[in-house]
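Only one structure is covered here, and it is reproduced in the block below.
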Amino acid sequence: MSGGYKVFVTRMLPEPAIEKLRNAPEVAEVRINPHDRVITREELIEGVRWCDALLCLLTDTVDAEVMDANPNLKVIANYAVGFNNIDVAEATKRKIPVTNTPGVLTETTADLAWALMMAVARRLNEAERFLRSGKWNGWGPMQFLGADVWGKVLGIVGFGRIGKAVARRAWGFDMRVIYYDYVRSDEEIERALRATYVPFDELLQVADFVSIHVPLIMHGPNKTYHMFGDREFDLMKPTAFLINTSRGPVVDEKALVRALKDGKIAGAGLDVYENEPSVEPELLEMENVVLLPHIGSATNETRTRMALIAVENLLAALRGERPPNVVNPEIYSAEAD
Ligand code: DGY
């Protein structure tokens with residue numbers, strides 16, 4: 001181990017992770033984007049040119065041009081479970097390991113999907129806005145009537161770690177859980193999670209809550225880009241709610257606006273958007289939509305765990321080891337040479 005590596009971090013992360021990085025014997029110098037904002041492309045390229053190892057965020061687009069800035073880049077460690085911001089194929093071509101932070105944010109993100117479900121069905125944000133505005137003049141039998149969550153049908157699209165954690169939470173609400181995924185889970189898992197596999201269209205037709213937990217895949221047979229559009233909203237029940245805590249571009253946001261305006265669905269709870277940080281202006285005006293600023297994993301505990309894992313991945317790569325959470329493991333196989 002040379003102990004002389006330079007690490008570029010594209011935004012300030014929880015302190016324990018930065019401390020770990022600064023104290024690591026593999027690391028000579030750590031440079032952190034000093035601004036509390038998304039780094040510009042020029043700043044990113046400049047940082048990549050300078051460093052040996054990159055610790056980046058889902059808001060940083062790391063593509064061929066960025067990688068071209070440094071042919072000796074040793075690792076791209078993403079501070080997120082999703083890694084659609086990185087051109088993994090390009091990194092693989094250059095034998096650069098790309099890593100993510102799976103597992104640690106599962107339960108926290110599942111909590112948020114549930115928070116959105118409860119908030120939109122029971123009109124929490126709308127009711128709170130009403131109270132805070134000083135308009136509340138006492139209990140009323142017809143005030144803020146929402147929809148029950150308990151006893152309803154929860155449709156989970158994408159049955160990976162987070163989808164399964166969302167399913168588990170439904171037990172206490174006496175819900176029937178159905179799910180759709182490209183790959184059907186083992187019967188044992190289905191039984192343990194009390195979840196029934198159904199084809200995608202059937203899920204859309206039957207579910208009272210449709211919660212999305214797929215990764216964003218732009219092309220190919222498992223493409224999830226615009227998986228939800230006019231056709232899918234047409235199939236959903238007019239009383240159903242859409243919940244998205246995965247990635248914005250999985251939903252055609254303009255089609256969602258149309259569906260909400262035309263009453264094709266009852267409401268939506270969103271934590272992610274097609275063109276973050278902008279949001280379709282019409283959504284901002286709708287009371288039956290709960291909008292959060294991509295905070296699925298935003299708890300102190302989880303963000304710290306994510307940062308520590310990102311650092312562990314990065315340090316392993318600097319030591320020449322295979323990082324625990326590498327998303328392009330093929331670069332370590334003999335055939336890759
Ligand atoms: C992720 O990790 O992919 C989330 O969107 C942010 O924590």
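Only heavy atoms go into these numbers, but all of them, side chains included; no hydrogens, no water, no symmetry mates. In listed order, ligands and their atoms are each counted from 1.
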Across all chains, not counting sequence neighbours, the side-chain hydrogen bond (donor to acceptor under 3.5 Å, both in side chains) partners of Y179 are E190
For ligand 1, would you mind listing the residues that have at least one heavy atom less than 4.0 Å away, ordered by chain and number?
-> L58, A80, V81, G82, L105, R247, H294, S297, M306
Taking all heavy atoms of L21 and all of L315, pick out the closest pair and write down the distance.
-> CD1-CD2, 4.2 Å
Could you check L292, L283, I243, V290 and say which one makes a side chain to side chain contact (heavy atoms under 4.5 Å, CB included) with L270?
-> L283
Where does the angle between the aromatic ring planes of F173 and W114 fall among parallel (under 30°), tilted (30 to 60°) and perpendicular (over 60°)?
-> tilted
For the student: nearest non-hydrogen atoms of M67 and D87, plus distance | CE-O, 3.3 Å
Parallel, tilted or perpendicular for F144 and F130, by the 30°/60° rule?
-> perpendicular
